[in-house]
Amino acid sequence: MVSAQRLTGVGRLLETLEGPIRYELLKWALDSGVFDLCQNPATPEHLSERMNLPADTLALALRALVAAGFMEAEGTAFRTAADILPFVASGSARNMNETLRSMAGTRHAGLNQFADLVAGKAPISGKRLFDDAHWDASHRSLAAFHRAIAADTMEPCLTGLPEWPHARTLLEVGPGSAVLARRLTALRPDLEITLFDLPPVASRIAHEAYDLPLTVVPGTYNDSLPAGPFDIIWCSMSLYFHDKGLAALMARLADRLAPGGVLVSFHEALTPDRTGQPEHVLGRLLPALRQGDVSFTEGEIATAMAAAGLGGATHESLSTPFGRFRLDAARKET
């Protein structure tokens, strides 16, 4: 009953105070290696010897990890929660430790300047977000994110298209890694896939995908696009940084479609008043305060697709482990 009451009123205010504690717990658990040590049930006394930490204070931290949902208690022992173990265990193909640290760095940068940022008085400090250097440095964490959870969501977005069985060419704009392309190649070895990303990222992708029959093209969509034409153009969380407006970018992408081709977008869709979805509004607040709000609202991408002359539009709302998104698809006339 108490937990239900905390969903409203003063309970919500008080619960918010736990946010920094939850993050520090997670950060400590990742840094200390305790998730690995607790793949099998372990007592505080055993862990105390392994970690060279006092058993009594360690037990407090372990109990808090249980309360946060990161661990489970089994008698006097503690075990890493089964549903997060694949994402935090060293050596796991789905390990997200580097991704979590990178996302925290992006989302939290500027917290100590929050009031000045809101007042428009804070000087921009630290690394610039979302330029070539940012994405170059983020390649490893982004690839880990794709391997862990994102590709599981994105693959069916493409394979479920009516055009998928007969498509001959596919362009992925701003892929960040070759993880999705590797999956698609396994499903359709005959599909000609082109990956287009910023020069330093394209170089890393080419190295990562040296064993795949892919074409990797460096560049920025504000300057040029691969010539095409393409039967499918896939844009996932990548259309934010247009310099002449979304409509102009969408028109240029549509121009690269083959007749009968489909342009597919996977992006957030904020409510018209831009107060929801909270995972995007809150998660992107600091980057927005620092360098501008680039998130899309509900229907914004569909409107730009229509303005570019694309028809046969479809859309679907998707709930994913990393938030709610909208899948938009629109076609070029044959």
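Quick note: residue numbers are just sequence positions, from 1.
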Point to revise | S295 and R284: CA distance, side-chain angles, deciding distance, side chain to side chain donor-acceptor pair (under 3.5 Å) verdict | key: CA-CA 8 Å; S295 296; R284 300 179 180 191; 2.9 Å; yes
Less than 4.5 Å apart, any side-chain heavy atom of [X] and any of [Y]?
X	Y	result
P162	R331	yes
R101	S141	no
M71	L62	yes
L180	E155	yes
L286	H108	no
V264	D328	no
T220	F241	no
L53	L47	no

Point to revise | Shared hydrophobic cluster, Y23 / L100 (ILVMFWY, side-chain heavy atoms < 4.5 Å) | key: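 Result: no, two separate clusters.
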**Study point:** Pairing residues for R94 by the salt bridge (charged side-chain N to carboxylate O under 4.0 Å, His left out) criterion, not counting sequence neighbours
**Key:**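 Partners of R94 under the salt bridge (charged side-chain N to carboxylate O under 4.0 Å, His left out) test: D152.
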Check your understanding: So how far is it from M154 CE to E172 CD, rounded to the nearest 0.5 Å?
Key ->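 Rounded to the nearest 0.5 Å, the CE-CD separation comes to 8.0 Å.
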Practice item. Give, for atom OG1 of T169 and atom CD1 of I193, the distance between the pair rounded to the nearest 0.5 Å. Key: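 Answer rounded to 0.5 Å: 10.5 Å.
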Check your understanding: How are the rings of W234 and F266 set to each other: parallel, tilted or perpendicular (split at 30° and 60°)?
Key ->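 Plane angle between 30° and 60°, so tilted.
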Check your understanding: Can you check whether H280 and F322 have ring centres sitting under 6.0 Å from each other?
Key ->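 Centroid separation for H280 and F322: 6.0 Å or greater.
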Review point. Is it true that D116 and K121 make a salt bridge, defined as a side-chain N closer than 4.0 Å to a carboxylate O?
Key: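 Between K121 and D116 there is no salt bridge, as every charged N stays at least 4.0 Å from the carboxylate O atoms.
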Review point. Taking all atoms of both residues into account, what is the closest heavy-atom pair of Q277 and L270, and its distance?
Key: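 Minimum heavy-atom contact is N-CD2, 3.8 Å.
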